[in-house]
> 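Quick one: the structure is below, and I'll ask about it shortly.
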Amino acid sequence: MQEITRDTLISRAKELLASGEVDRVYGWKRGEFCYDVTPALFTDAESLEKDFEWGDFCGANLSKYLVEETRKSEGKILVFMKPCDTYSFNQLLTEHRFDREKVYVIGTPCAGMLDPKRIRDHAESFTSVVSDENGVTVSTLFDGDVKLDRSEVMPDRCLNCKSKKHVAYDELFGEDGGTIASGRFDEVEKIEKMTPDERFEFWRGELSRCIRCNACRDVCPACTCEKCVFDNPNSGVENKAAENSFEEQMFHIIRAFHVAGRCTDCGECSRVCPQQIPLHLLNRKFIKDIDGFYGEYQAGAEVGSRAPLVDYTTEDIEPSDAVKGGDENA
Amino acid sequence: MRKITLDRLDEFFAAVAGKLKLYIPVDTAGGAQFQQWRAGAKMSDALNTTRSAKDFFFPQTENLMEFKTEGKKIEIIDVRRENEDFAIFGVRACDVRSFDVLDRAFLSEPADTYYQNRREHGVIFSLACSKPAETCFCGTFGIDPANPKGDIVCYKTDDAIYMEAKTEKGANLMDSVSDIVAEDEGGDGESAVNAQKEIISERMKKLPLASLSTDKFGGDKTAKFFDDPAWKSLSESCLGCGTCTFVCPTCQCYDIKDFNAGNGIKRFRCWDSCMYSEFTKMSAGQPRLTQLERFRQRFMHKLVYYPANNDGMFSCVGCGRCLSKCPIQMNIVKVMKNLGEGGENNG
Amino acid sequence: MADMKEPLIPAIGEVVDIRMDTPDIKTFRVVTPDGKKAFDHRPGQCAMLSVPGVGEGMFSITSSPTNTEYMEFSIKKCGCVTEWLHSMEVGQQITIRGPYGNPFPVDDEFAGKNMLFIAGGVGLAPLRSVINYCRHYRDRYGRIDIVYGSRSKDDLLDYQEIINEWAVDEDVHVHLTIDREQEGWDGHVGFVPNYVKELGFDTENRIAVLCGPPIMIKFTLAGLCELGFEKTQMYTTLELRMKCGIGKCGRCNVGSKYVCKDGPVFRFDQLDELPDEY
Amino acid sequence: MSISKEPYRPLIVAFCCNWCSYAGADLAGNNRLAYPADVKIIRVPCSCRVNPTFILRAFQRGADGVILCGCHPGDCHYTSGNYYTRRRMALLFSMLDYLGIERERTRVEWVSAAEGAKFAATMNDFCETVASLGENKRLEDLRCKK
């Protein structure tokens, strides 16, 4: 799997801590099982040695924590970032959410993370997962070991990985990859080709499962407002009631709209949804439209780029034509 | 002990659905969920549903009353209606225990009539687990998955489901469908059920969380744990979303809000989460300013405050939903293991 | 089901009189539409007032339980519900439910004691019901002292009633103070905690009841301890965010105690057992 | 039940920008050009003041169609307001269509202050299309229904 191992990261982190260049490290901490890894802050070598974890389940995108964490002390923070995390990192820099000097980024290579929910479809009550070049062996409590192909247990965001390129790093482990032409819009096109009634039923079925827990908003690195409109009682949309289909539609359209043009397609929203609603398909629809209407744009590709919704040209597409071009069998 | 073979299960469901609304766990894209039974619906054999059965008694949103106002006058409209009878099939032992936890909260003086009415009209078919998941720890709270409570206890073996009515409500329902579900004369029911109980208790011992214990917790431990240094490292990466509280079968907190629908004002109740930043915010300030205090409140309530008010019963049933659903994989098991261990050891 | 009494469903109350006591506190007199008192209450208990479409708020009932015609609430304008209440006119209907919370122990711990009431700003409202109750059953209690302070002279709540009724009562001693010098005011000037220490009350057979802003409670409590008061002799009433009022919505707890059900009246030694989250 | 059940009339919400389309509506009124009374006009300083939440809130409160009128691209009083509107609404309408909501329920029209006739014609046409679609069932809030 990655020839860069946990120990490489730990020794480098210990060096940086010892040299005083950074005063704390944002990494992951082991839990009860192999997959329940929690983002955690390490300040000394001893806790790093004991608890630091890095492997197939360190999928959490840590860039959002930096907004809060950089305010807490003057020192630098060391943070390990997969390629897709660095896009969110750049997008947050574009929006001046923290200053670049307070963060020391080490880019780590990534061959795609594993998704515990997809593993559980194949192997119930599993406790440990070992992955190597020819696949993944999952050892379960009652059904012995289950051999699986890696692509069966990778989340959609990794199967349709858009880029192995680190767009921001102070130091890089392993060599840098490039952007990949992935089929990340296939699913969106499949939905677009449905008839309006089918599309409505599909989304009503998906969104009706929403339990309004706000996990998708709270984990999204593009959603970093100090005070979200959904937490503001007199905004009228704050309604916590999963009362009927309208509330869910309103919440998800507005959530996706607020990150339109800024969403880097990191897939965190779908990773954390307890009801496994494919929320990335909403954000990807906006990305596909923006690329189609206003030219290829990847949020976070470079710091300071002007997001599509705060920019314009005099010959943009008219809204009435925008929808006609949507699908063939309109 | 009554028996129904698996191939005639649909007939059984149809018979019960003839008497009252029946809900069974059905597989959906988001894991198993309770849905109203319709002919041909296939029961999911997943271990547990994503949303617990709490929703049937304490729904996420519920209209309490309506107001009509003209000028200075107000008219209060009581929208409470007698609920229809309904039955929920396939409730696991942990979720059945969560009803006891909720009962103490809602039915204690002064009783909540919305909840009470639904409780009276609900019949619970509890289903013993056969294959617990690694995230299960119901044993820690004294729940025996092999002998769940509930109105009618069911055991599912390879070819049949054995049912035993435990309460009067359950017995009435079983009698009303007795033509489909015959009494098990052959007697092999007992042995099949006991064999299954053996398997479950064996498996429970092998679970990774089997040794988790609640000895250090309880109603009198407020001072001991309130200022524990471990809270800082436990809560540092908590996002403050409401997932753990909304998938939890025993979370009881709710918010009361008014919705001006134009044609009248509806006062409704909806689930609320102590993890949300607005939970205790008031015009005079906010007693729980940071996420650490909110995080602490949630687990202190489950392990200390609730037992203090309910003679020792914990407000957690070990169902494991928060273990698998938390975006950053922080949960009550890690809290129980790390609290009181001299903070620095946050392993 | 509709016949069962639902604690969350309120009754209709009508505001029959609005008195502007101070620039930001108004006292509302509430009765049922047919003119009677909505429900009986004990001194120190609260009621939930609500304006449909705006929200609900918990307010202490400031009129004494012995008053059977109506209920009064002194409300300071500081949030959306209070703002709306302050914009009301006489005759406006609101909804009311209660009584909630535990009352002051006027018949057991307080019986036969000398009473020392210490209030700051709008903190007099919860104590006014106890003071008038003690004045009504005057013989059951010893000497009554009332130390009440506010920002300025026109911020003194129920000033007329204090001067014309309380001060002239037999063996009732009123000590008023305001924070800063103000012309037209010849009384004491200074903060309540210092004034209490200045007056110096002996602790013999005396109960102190405090209510006011947290900062005032903190210093007054320290002052009284210096004078030798025991924590078991001192009471206060807490104010936290209360939504259901019946100890179920899980919002107003301090440690394992719910302010709306186990409180709002607490003795200070009980408060010490609770974590400092209020 | 009332004996003469009136025929179904759609409820249309029109956001009109203060400088052009609102003046256009005024002109239509001065010239006695008729357009259905079901159109409820909301004046906004510029078409880009309209936030997607407003449009969804209008549907929640019972609107069957929402039309957003602004100045012609290039004549915006604030020079670039309607350019942002154009991008924003293109994405929003495409998303609503993606969710299966009938695309004819939402529309953007550029109406200048001098085009009273165009304003009336647009409103008539929009009312007919929305009326043909019938009541809004896909973006409604049951609690606001009569």
Side-chain angles (χ1 to χ4, degrees), chain B residues 64-69 71-76 78 80-83 105-106 108-114 116-117 120 219 222-223 226-227 251-260 264-265 267 269 272 274 279-288 293 297 300-301 304-309, chain C residues 1-15 33 50-57 76-83 88-95 213-214 239-258 261-262 273-278:
Chain B
L64 301 179
M65 65 203 87
E66 280 175 22
F67 302 99
K68 284 271 186 303
T69 56
K72 296 183 175 175
K73 297 287 169 270
I74 294 178
E75 183 206 349
I76 300 177
D78 182 349
R80 290 181 299 170
R81 293 290 169 274
E82 193 70 23
N83 273 288
F106 284 103
S108 58
E109 214 13 68
D112 184 299
T113 54
Y114 301 94
Q116 188 172 33
N117 188 263
E120 279 154 8
T222 305
F226 193 80
D227 298 315
C251 267
Q252 68 192 66
C253 293
Y254 59 83
D255 191 6
I256 299 176
K257 298 179 75 61
D258 288 2
F259 177 75
N260 187 338
I265 291 156
R267 176 159 296 173
R269 160 168 63 183
D272 202 353
C274 55
F279 187 61
T280 52
K281 190 163 180 345
M282 50 185 176
S283 59
Q286 157 75 287
R288 296 197 193 118
E293 279 118 348
Q297 159 65 24
M300 287 294 274
H301 174 79
V304 176
Y305 303 152
Y306 186 90
N309 296 327
Chain C
M1 160 160 176
D3 50 15
M4 300 219 307
K5 178 82 184 64
E6 166 52 47
L8 294 178
I9 296 187
I12 295 183
E14 194 161 317
V15 176
S50 116
V51 182
V54 178
E56 227 176 1
K76 184 174 167 194
K77 181 200 279 197
C78 57
C80 4
V81 174
T82 49
E83 203 137 334
M88 284 193 306
E89 292 138 33
V90 174
Q92 170 73 41
Q93 286 191 345
I94 54 175
T95 73
E239 172 65 40
L240 276 183
R241 177 162 187 197
M242 290 172 256
K243 187 58 87 166
C244 68
I246 49 176
K248 293 193 195 310
C249 75
R251 204 178 285 291
C252 63
N253 74 305
V254 180
S256 54
K257 291 283 179 275
Y258 285 108
K261 201 168 74 168
D262 309 319
E273 283 156 24
L274 299 179
D276 60 356
E277 222 186 5
Y278 50 91

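Because only heavy atoms are used, hydrogens play no part in the values below, and waters and symmetry mates are left out as well, while side chains stay in. Chain A is the first sequence line, chain B the second, and so forth, proteins listed ahead of strands; every chain is numbered from 1.
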> Contact between B/Met65 and C/Glu6 at the side-chain level, heavy atoms closer than 4.5 Å - yes or no?
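No, every pair of side-chain atoms sits at 4.5 Å or beyond.
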> What I'd like to find out is whether the side chain of B/Glu66 reaches to under 4.5 Å of the side chain of C/Pro52, using heavy atoms alone.
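Side chain of B/Glu66 against side chain of C/Pro52, heavy atoms only: no contact under 4.5 Å found.
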> Determine the option with the most heavy-atom pairs under 4.5 angstrom with chain C, choosing from B/Asn260, B/Asp112, B/Ile265, B/Asp227.
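The candidate making the most pairs under 4.5 Å is B/Ile265.
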> Find the distance between CG (C/Leu8) and CD1 (B/Ile256) and round it off to the nearest 0.5 Å.
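Here the rounded value is 4.5 Å.
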> Select, from B/His301, B/Met300, B/Lys281, B/Glu293, the one with the greatest count of heavy-atom pairs under 4.5 Å involving chain C.
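Counting heavy-atom pairs under 4.5 Å, the top option is B/Lys281.
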> Using heavy-atom distances under 4.5 Å, tell me whether B/Glu120 contacts chain C through its side chain, its backbone, both, or neither.
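For B/Glu120, there is no contact with chain C at all, as no heavy atom is under 4.5 Å.
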> Counting heavy-atom pairs under 4.5 Å with chain C, which one of B/Ala223, B/Pro307, B/Ser108, B/Cys251 comes out on top?
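Max contact count across the listed options: B/Ser108.
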> Do B/Thr222 and C/Glu273 come close enough that some side-chain heavy atom pair is under 4.5 Å?
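Not in contact.
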> Where on B/Ala111 is there a heavy atom nearer than 4.5 Å to chain C: the side chain, the backbone, both, or neither?
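Backbone only.
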> Determine the option with the most heavy-atom pairs under 4.5 angstrom with chain B, choosing from C/Cys249, C/Pro214, C/Pro10, C/Cys252.
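The residue among C/Cys249, C/Pro214, C/Pro10, C/Cys252 with the greatest pair count is C/Cys249.
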> Less than 4.5 Å apart, side chain to side chain, heavy atoms only: is that true for C/Gln93 and B/Lys72?
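The answer is no; the side chains never approach within 4.5 Å.
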> Go through the atoms of C/Leu240 and report whether side chain, backbone, both or neither lie under 4.5 Å from a heavy atom of chain B.
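Interface part for C/Leu240: both.
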> Can you tell me which portion of C/Val81 sits under 4.5 Å from chain B's heavy atoms? Options are side chain, backbone, both or neither.
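C/Val81 has no heavy atom closer than 4.5 Å to chain B.
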> Name the region of B/Phe279, side chain, backbone, both or neither, that has any atom closer than 4.5 Å to a heavy atom of chain C.
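Answer is both: backbone and side chain atoms of B/Phe279 are under 4.5 Å from chain C.
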> Once side-chain contact (heavy atoms from CB on, under 4.5 Å) is applied, do any residues pair with B/Thr280, and if so which ones, sequence neighbours excluded?
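Testing B/Thr280 for side-chain contact (heavy atoms from CB on, under 4.5 Å), a comparison that skips the adjacent residues, returns B/Gln286, B/Pro287, B/Arg288.
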> For the residue pair B/Ile74 and C/Ile94, what are the closest heavy atoms and their distance?
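Result for this residue pair: CD1-CA, 3.7 Å.
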> Mind checking the CG-OH spacing from C/Asn253 to B/Tyr306? Nearest 0.5 Å is all I need.
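Going from the CG atom of C/Asn253 to the OH atom of B/Tyr306 covers 14.0 Å.
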> What's the shortest heavy-atom distance between C/Cys78 and B/Ser283, and which atoms?
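Shortest heavy-atom separation between C/Cys78 and B/Ser283 comes out as O-CB, 2.9 Å.
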> Taking the side chain as every heavy atom from C-beta outward, state whether B/Tyr254 and C/Lys248 have any atom pair closer than 4.5 Å.
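A side-chain contact exists here, since the closest heavy-atom pair is under 4.5 Å.
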> Out of curiosity, C/Ile246 CD1 to B/Glu109 CD, how far, rounded to the nearest 0.5 Å?
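Rounded to the nearest 0.5 Å, the CD1-CD separation comes to 9.5 Å.
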> Which distance, rounded to the nearest 0.5 Å, do you find between the CE of C/Met4 and the CG of B/Asp78?
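The distance works out to 11.0 Å.
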> Are side-chain heavy atoms of C/Ser50 and B/Arg267 found at a separation under 4.5 Å?
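A side-chain contact exists here, since the closest heavy-atom pair is under 4.5 Å.
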> Mind checking whether B/Asp272 and C/Lys243 have side chains closer than 4.5 Å, heavy atoms only?
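Result no, sub-4.5 Å side-chain heavy-atom pair not found.
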> Supply the atom-to-atom distance B/Tyr114 OH to C/Ile9 CD1, rounded to the nearest 0.5 angstrom.
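Output value for this atom pair is 3.5 Å.
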> Decide yes or no for C/Arg251 and B/Asp255: does some side-chain heavy atom of the first lie under 4.5 Å from some side-chain heavy atom of the second?
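Yes - at least one pair of side-chain heavy atoms lies under 4.5 Å apart.
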> Which atom names give the shortest non-hydrogen contact between C/Lys5 and B/Thr113, and what distance separates them?
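Distance-wise, the nearest heavy atoms are O-CG2, 3.6 Å.
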> State the NZ-CD distance between B/Lys73 and C/Gln92, to the nearest 0.5 angstrom.
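That separation rounds to 8.0 Å.
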